[in-house]
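Computed from a predicted structure; not experimentally measured. Whatever order the structure lists ligands and atoms in, that order sets their numbers, starting from 1. We use all heavy atoms of the structure for the numbers below, so side chains are in, but hydrogens, waters and symmetry mates are not.
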Amino acid sequence: MQIEMKPDRKQVAVGLEARELEWEFAPTRTVRGYGFNGQVPGPTIEAEVGDTLVVGLRNGLAEPTTIHWHGLRVPAEMDGTEMVQRPVEPGETFEYRFVVPDAGTFWYHSHVNETEQLERGLYGALVVRGPDEPVFDQERVLLIDDLKLDQQGQIAAFGDPHEQHAGREGEVRLVNGTQEPELDIPAGQIERWRIVNAANTRFVRLSIGARPFSMLGTDGGLLPAPLEAKEVLVTPGERVDLAVGPFAEGELVEIEALPYDRGKGESQPERFATLRVGPVASSRATIPDALRRIDPLVAGSAEPTRTVSLKALMHGGQHQRDEPVRVGQLQVWDLVNETGQDHPFHLHGFFFQIVEENGEPPPVVSWKDTVNVPRKAQVRIAWLPDDRPGEWMYHCHILEHHAMGMMAHFAVIR
Ligand SMILES: [Cu+2]
């Protein structure tokens, strides 16, 4: 690994080389994949709010690539899309440099030929910590993914027309690049799990052995207060932070996806990992009653400023442009899904709040950058463009849909 962390805490310098690798996703089972610094997922980048992140990307692949900083409020020219930078050609380098302004669980991934480059493994987590993080016994990052193999056990060919419509799902279920791993946790302890759905298409209705857990955060950092739950739907691109535990010694707890119908029929329950509970250890974890203050952007009802028809978006083609938005002008967008499939809508570079889903307010206000819009449903979001003018975009985070043109560029103007 070629991560270089400078002792100066104001600057975090990281070298990321994208290159081919033999990805050992299970004992004695390898596929020819892509990785950052020879690993899948790439190294977890850790920083504190206000740090300057300096990432030297070197492209050791035989095809162009870039990095998109999913969820980070970066300057437009650092966003990694084809509208703001020329793709980094094989053998070339590019330096990403920006301040990380928000605490939360983010991730980075290629934004060129994404369906293939992400499936092959070009992604990693980026954790930004604030000054007042709650205290847990342990913290871990879990990147959830799947892998579609062919009959030879290699990554299946891309471009299947069925996949383009339905998305690509694979039978190999991965956590941190490993097929259904076993994780260890001491009895009596409570951990913070930062969960990222890095799959091309797979929806994960996450259950941890049907045990209750506390939701601590979403895409854009902590919730106002912990929220008790026994399951949470995590669609591609989304993140959740959970407080997990305590468990009793000797327990085996399955981390699984419960059945979910995203418009392609109900899925089977599927195991992603097993949690093995070891001997008891003392705990210093405390889950505070309040985590942070989030003021709603919209009080009561608000007139939408824009309607985004996901059906029109789906059929609009590769180079759609939406109207510009002006810095400082509140955006209230109705995301209308008239199609027969759920679509996770991702807005680059800005956080939004869910105002209502089918007319109902969400149980809690939170900051999001990706939201599932269920089929035949409508989600109203609100967001405020802060002063980062430039070219931005939104798209469906089912990567095959994005590749088919379910996206639009727009400008943020002063
Ligand atoms: Cu979609």
Centroid-centroid under 6.0 Å between H401 and H395 rings: no
The Cu ion (ligand 1): protein N, O or S atoms [distance under 2.8 Å]: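 The answer, once waters are left aside, is H343 ND1, C396 SG, H401 ND1.
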Pair listing, salt bridge (Lys or Arg N to Asp or Glu O under 4.0 Å) test, anchored in residues 333-354, at least two apart: D334-R380, D342-R375
For D369 against R239, the heavy-atom pair lying closest together: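 Closest pair (atom of D369, atom of R239, distance): OD2-NH2, 2.7 Å.
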Quiz item: cation-pi between R58 and F94, 6.0 Å / 45°: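 Because its charged atom misses either the 6.0 Å distance or the 45° angle limit, R58 does not stack over F94.
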W69 and Y108 aromatic ring geometry - parallel, tilted or perpendicular at 30°/60° bounds: tilted
Note, E357 side chain near Q378 side chain (heavy atom, < 4.5 Å):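 E357 does not reach Q378 side chain to side chain.
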